[in-house]
Amino acid sequence: MTDEGAFDIVILGTGLVESITAAALSKAGFKVAHIDDNAYYGADEASLSLEEFIEWIHEDHESFSAFSGTYTKLPHARQYSISLLPFVIPSVGALISALIASGVSRYGGFQLVERVGIYDASSGAVKGVPGSKEDVFKSKDITLVDKRRLMRFLMFASGEFEGKPELEGREEMAFGEFLKTAFMLNDETIAAIVYALAFCFTVHDSTLRTLQRLRHYLRSTGRYGSSPFLVGHYGSSGEIAQGFCRTAAVAGGVYILGRATFSITHSDSRYTITLEDFPEPLTCRVLISAATHLPSNLALHQRYVAVSSPVPTFGHGMARCVAIIDQPLSFGTKARSTDEVTDAQTLEPLLDTGILVFPPNSLTASSTSATALVVGEGTLSTPKDRWILYLSMPVLPSEMHSSSPEIILTPYLTAALKTSRSPTPPVPLFTTFYLQNPLSTRRSESESDSGTCLVSPQLPIVPLPDSPDLAVEYAEAVFRKANKALLPDEECAQFWPPLEEAGAEEEFF
Amino acid sequence: MAESGSVPDKSVQVKLVLLGEAAVGKSSVVLRFVSNEFQANKEPTIGAAFLTQKCRLEDRVLRYEIWDTAGQERFHSLAPMYYRNAQAAVVVYDVTKATSLEKAKSWVKELQRQANPNIVIALAGNKVDLVQPSASSSGNNSESEDEADDATATPGEAPSGESESLRQVPREEAQAYATEAGLLFFETSAKTGEGIVDLFTEIARKIPIEHILASTRGAGRAGPGANRAGVSRQEGGVNLEQGAKPKDACNC
Ligand SMILES: Nc1nc2c(ncn2[C@@H]2O[C@H](COP(=O)(O)OP(=O)(O)OP(=O)(O)O)[C@@H](O)[C@H]2O)c(=O)[nH]1
Ligand SMILES: [Mg+2]
């Protein structure tokens, strides 16, 4: 039956961008087959159990290299969900909107990030980062003058600053310098804003772009709680990708995992995809593929899907570390000024989710900031009394060959572990270091309006809160391209049509 | 059911997945449980379906989140994402089709290897109406009541020869297998409704709710200590649809 294998669209790769695209296209009524040669969902953004993660470490990857560490298998290995792309999700933004509009939020769980701390190199202490007007108000660390200046800046940054005199002519200025000249903030406050509020990688990040990102975060505060950021359950990135895949499946999408693509040919304006170990070939009119999944013989057909707001890249990779520990870290929760109010409660809650930022040059001579994200049992990503600590630090092309991720990150790992409240810092039960390779250079000139073999944009290496919303933005661009390729004369379908009687099933009983 | 108006947050969420060969009646079993209906010509499931149903058990209410998967082999690879986080699984076979029990066994094996170690697995031999005398006066109705752990239960003593000949999986064979593999076991009929409610109620009884609650310790936004009261993790976590409307202007 040739009809059975005939699809409008075949999508290769179940990364976040492709999974969101698959859900949107299926919901728009197209017949979609979604294929991954991995046996798990999520591709480079998967969430893996410890067993799967150890296996993954030993495989070859286009996007990752330079692995080192001690890969001991631990008890309850299946209860870990380790994310290949650790991120936090701004409470207001494209991903949260897409989760709600698609109905995926109904079968995912989310947790607020409890704390953002910043490492102070001069004292070696970790300080809480005031993220809102209230925090600034309560803080006893900040002098009155600085409070006024900081408040003025936060007002500015969360409002419509485009065209304001403070910004004029300074759009491309280094952000730190801008804070100094336009708001006369002191160095310590500037470091907190640049690295722990705006999550800049370097001091050179340009002012306008950074302000736009920062506004996004500031406006996320208060939607679900005092923190602007959420972490997803079960390893976040991969679970979210799966959630969109489920939605695609409910809308009729067909999933085939763990089958390698044997060949793809093109004739009579249809692609024929033959999978290993799979009875009949699949055919489709439009082929969508992650850059890392596309066979080279299709080079002639492929069209890179351009995105409207390309993220500047300086050719950097990302040194990453994943460590599993058996003691909670504090990320300086004791020192947090707002906590003084509750000091009466001697039993302070243990930190389940938190972020610790190291500005450049905190521990080593480095031009980039390092970030630690810890997640615990509350995120359903670890067994009881275990935490996953993710460290990441952008590395410049020049450093990538002269140093290893392990050498680069070890001082930061040690410092993060030292924030444990116990007298002896925990010794990780499992540690691995690796490099996320820089984006493969893409040829934007092959971008054109027509084309039926679409290469979805690869997620660039961006600050902790930025990948989720970018993934949705990219998916929407691919969705529009695919719509156009399939129905050139029709208006593009809505990215997320209104949910059909959401919860109607629940009314039955 | 009376609890329809209750606050969803107060119930314990249980993820349940249905697995089994094509056309054994997975979707029909769910349809019977969720809306007490039966469709004689139910179309094959493509991809998957997501449904919810509440189930009251003594003092508590469970909210089943049900993933009904497609049985066709070509969709097989979809399943892992349904059972990965599932707390319960119903593996369905068709009592009139011996091969469907073999398929069920391979699912059970996969679940026991791959799924959550605390998962409650039930084996359901469906379409039992086809092997029973058509009269509803048969004593078979009492079966469902003490079925769960009664390994000695035998099929009706004097089944109507014609309908029983359709049977390809003897009840005792499936029961023996279920006992050995540590599964709950029911014979069901989505058509008559026999065994369906018992199936889901018994699963509810066996779900280690305390474990689900305990594993959600620390899920509260106010910090782990605040969440002891024992409510579902959805309450501790963030409900994306219930957040305050984002403020448009300035957050200061
Ligand atoms: N007599 C009888 N027929 C049933 C019963 N349950 C299901 N059927 C019929 O069997 C056929 C298949 O039922 P489905 O519920 O679609 O089976 P399924 O397991 O969901 O099939 P897939 O979605 O393809 O995997 C339909 O025609 C149903 O009406 C039952 O208990 N008794
Ligand atoms: Mg079905």
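Just so you know, these numbers use all the heavy atoms, side chains as well, and skip hydrogens, waters and symmetry mates. To find a chain, count down the sequence lines: A is the first, B the second, and so on, and within it residues start at 1.
Atom CD of residue A/Gln79 and atom CG of residue B/Asn116 lie 7.5 Å apart, to the nearest 0.5 angstrom. One finds the CZ atom of A/Phe110 at 10.5 Å from the CG atom of B/Asn239 (value rounded to the nearest 0.5 Å).
In B/Glu43, the CD atom is crowded: over 12 heavy atoms of neighbouring residues, nucleotides or ligands sit closer than 6.0 Å. With a 6.0 Å radius and a threshold of 12 heavy atoms from other residues, nucleotides or ligands, B/Lys42 has its NZ atom above the threshold. Within a 6.0 Å radius of NZ in A/Lys147, other residues, nucleotides and ligands contribute more than 12 heavy atoms.
Tested against B/Leu240, the residues A/Ser105, A/Ser97, A/Ser91 include a single side chain to side chain contact (heavy atoms under 4.5 Å, CB included) partner, A/Ser105.
Closest approach of A/Arg78 and B/Ala115 over heavy atoms only: NH1-O, 2.6 Å.
Taking chain B as the reference chain and counting heavy-atom pairs below 4.5 Å, the highest number among A/Arg215, A/Glu239, A/Glu51, A/His76 is found for A/Glu239.
Contact of A/Ser49 with chain B is not made at all, since no heavy-atom distance falls under 4.5 Å.
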